[in-house]
Trainee: 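Pasting a structure here, questions to come.
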Number of protein chains: 2
Amino acid sequence: MLKLSRLTDYAAVVMAQIARHPQASHAAADLAEAVQLPHPTVSKTLKMLVKAGLLVSQRGVQGGYRLARPASHITAADIIAAIEGPVAMTECSQAEGECDLAATCGVADNWQRVSLAIRTLLESVTLAHLADTTPIKLPVQLPIQSISLASA
Amino acid sequence: MLKLSRLTDYAAVVMAQIARHPQASHAAADLAEAVQLPHPTVSKTLKMLVKAGLLVSQRGVQGGYRLARPASHITAADIIAAIEGPVAMTECSQAEGECDLAATCGVADNWQRVSLAIRTLLESVTLAHLADTTPIKLPVQLPIQSISLASA
DNA sequence: TAATTGGGTACCATTTTAGTCCTGTATAAA
DNA sequence: TTTATACAGGACTAAAATGGTACCCAATTA
């Protein structure tokens with residue numbers, strides 16, 4: 001299904017929540033309340049986002065989390081990578097060494113191109129887009145079609 | 001990682017193998033040999049592809065598998081869906097009923113737009129592309145960029 | 001009728017994921 | 001300096017998904 005993990009979903013929701021009030025410091029408990037998810041789980045997610053450098057944290061009274069940089073400079077790919085690791089479609093596309101089956105595979109190159117296209121797409125969607133409640137109007141039909149046609 | 005399952009990877013490899021010899025009937029054992037994967041696993045994958053309507057099978061002596069339609073009319077999205085179910089990024093984007101958290105989610109709409117863009121991309125890549133050993137040249141930089149800009 | 005080849009399904013082992021909890025540490029206010 | 005607050009890090013468990021195998025049945029053809 002090419003599905004995101006549930007934690008990644010949480011991460012996006014939480015990041016969006018923070019992005020809507022960028023000047024404030026957000027405690028984990030407050031965020032959990034705001035998005036109606038269990039505190040420990042939200043907390044775990046936040047820690048991962050800090051480790052990935054998307055959030056900065058402040059301990060102690062009045063502490064909490066803030067964006068590490070403007071929402072327009074944080075991409076969907078960043079958020080996904082923070083929770084799930086590098087965005088890649090196949091195992092061989094992230095392994096260092098060659099895949100044992102490279103000789104008989106025959107699709108590796110083109111899969112990687114598709115993977116790259118998806119990554120580029122995800123890098124072009126920012127947290128600012130996601131946090132905005134007004135829809136992004138994606139004119140997917142035409143530009144995307146042109147990608148496949150390029151090979152024909 | 002937005003990664004495909006390993007079986008999906010196998011499916012793509014096997015489909016590409018069949019697509020390169022579209023007129024022949026391919027027995028599961030022969031395909032397993034050709035792609036250097038265990039027979040039972042390849043067999044399982046083939047059954048899923050038949051059930052999804054991407055391959056047709058013939059039992060008995062000289063039986064085997066063939067493409068159900070030309071490789072140019074089978075998409076990457078078809079293959080992924082055959083193994084993993086419908087292509088969707090989030091759980092809520094495939095569930096019938098509303099998500100309980102819809103009220104506090106705040107990113108649902110735009111995630112779905114991203115999901116749609118990816119699906120459209122995957123639908124634009126055909127098995128003919130994947131089976132071709134010459135690379136598809138994807139000019140991803142420009143057209144994809146234009147998608148995000150459309151919201152700005 | 002016998003050999004071949006796919007269909008369907010059940011099953012198990014392993015890995016991944018989700019979720020919780022506990023202990024430690026930094027901060028700020030009293 | 002003490003104390004309450006809030007994050008850091010990691011261990012741990014339970015549940016689910018995944019990968020892989022095996023078995024028996026059905027269809028086809030020689």
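Proteins get letters first, then strands, A, B, ... in listed order; numbering begins at 1 in each.
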Trainee: Check the interface with nucleotides 1-3 of chain D: list each N/O to N/O pair with the protein under 3.5 Å, or write none.
Mentor:
none

Trainee: Which parts of nucleotides 22-30 of chain C does protein reach within less than 4.0 Å, heavy atoms only, written one letter per nucleotide 5' to 3' as B for base, S for sugar-phosphate only and - for none?
Mentor: --BBBBS--
Trainee: Please step through side-chain contact (heavy atoms from CB on, under 4.5 Å) for the pair Tyr65(B) and Leu49(B), ending with a clear verdict.
Mentor: CA-CA 10 Å; Tyr65(B) 296 91; Leu49(B) 291 166; over 6 Å; no
Trainee: Could you tell me how far apart Glu84(B) (CD) and dG19(D) (P) are, to the nearest whole angstrom?
Mentor: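 Distance check: Glu84(B) CD to dG19(D) P gives 8 Å.
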Trainee: Quick one: which of dT21(D), dG19(D), dG6(C) gets closest to the side chain of Arg6(B)?
Mentor: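 Nearest nucleotide to the side chain: dG19(D).
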Trainee: Who are the side chain to side chain donor-acceptor pair (under 3.5 Å) partners of Ser57(A), not counting sequence neighbours?
Mentor: none
Trainee: Atom CD of Glu33(B) and atom C1' of dT5(C): how far apart are they, to the nearest Å?
Mentor: 17 Å
Trainee: Which side-chain N or O atoms in residues 26-47 of chain A pair as donor and acceptor under 3.5 Å with protein atoms at least two apart or in another chain?
Mentor:
unit_1   : atom_1 : unit_2   : atom_2 : d
His26(A) : NE2    : His21(A) : O      : 2.9
Gln36(A) : NE2    : Glu33(A) : O      : 3.2
Thr45(A) : OG1    : Thr41(A) : O      : 2.9

Trainee: Indicate, with a heavy-atom threshold strictly under 4.0 Å, whether Leu7(A) touches base, sugar-phosphate, or nothing.
Mentor: sugar-phosphate
Trainee: Can you list every salt bridge (Lys or Arg N to Asp or Glu O under 4.0 Å) pair that touches residues 58-70 of chain A, not counting sequence neighbours?
Mentor: Arg69(A)-Asp78(A)
Trainee: Could you give the CG-to-P distance, from Leu49(A) to dG9(D), as a whole number of Å?
Mentor: 13 Å
Trainee: Using whole Å, report how far CG of Leu37(A) lies from P of dG19(C).
Mentor: 8 Å
Trainee: What's the CZ-C1' distance between Arg66(A) and dC7(D), to the nearest Å?
Mentor: 14 Å
Trainee: Can you measure Lys51(A) atom NZ to dG9(D) atom C1' for me and round it to whole angstrom units?
Mentor: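 Answer to the nearest Å: 7 Å.
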Trainee: If you check every side-chain atom of Tyr10(B), which of dG20(D), dG6(C), dA8(D) has the closest atom?
Mentor: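 Minimum distance to the Tyr10(B) side chain belongs to dG20(D).
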Trainee: Expressed in angstrom and rounded to an integer, what is the separation of Asp9(A) atom CG from dT17(C) atom P?
Mentor: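 Taking atom P of dT17(C) as the reference, CG of Asp9(A) is at 14 Å.
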Trainee: As a test of reading the structure: which of dT21(D), dT20(C), dT17(C) is closest to the side chain of Lys44(A), going by heavy atoms?
Mentor: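 Looking only at side-chain atoms, Lys44(A) lies closest to dT20(C).
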Trainee: Using the side chain to side chain contact (heavy atoms under 4.5 Å, CB included) criterion, which residues pair with Thr126(A)? Sequence neighbours excluded.
Mentor: Ala128(A), His129(A)
Trainee: Rounded to whole Å, please give me the gap between NE2 in His39(B) and P in dG6(C).
Mentor: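 Going from His39(B) (NE2) to dG6(C) (P), I get 6 Å.
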Trainee: Could I get the full list of side chain to side chain contact (heavy atoms under 4.5 Å, CB included) partners for Ala68(B), not counting sequence neighbours?
Mentor: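 Testing Ala68(B) for side chain to side chain contact (heavy atoms under 4.5 Å, CB included), a comparison that skips the adjacent residues, returns Val56(B).
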Trainee: Between Leu46(A) and Ile83(B), just flag the one whose closest nucleotide in DNA chain D comes earlier from the 5' side.
Mentor: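 Its nearest nucleotide being more 5', the pick is Leu46(A).
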Trainee: Could you list by number each residue of residues 23-30 of chain A showing a heavy-atom separation from DNA chain C of less than 4.0 Å, or answer none if no residue does?
Mentor: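 Result for residues 23-30 of chain A: none.
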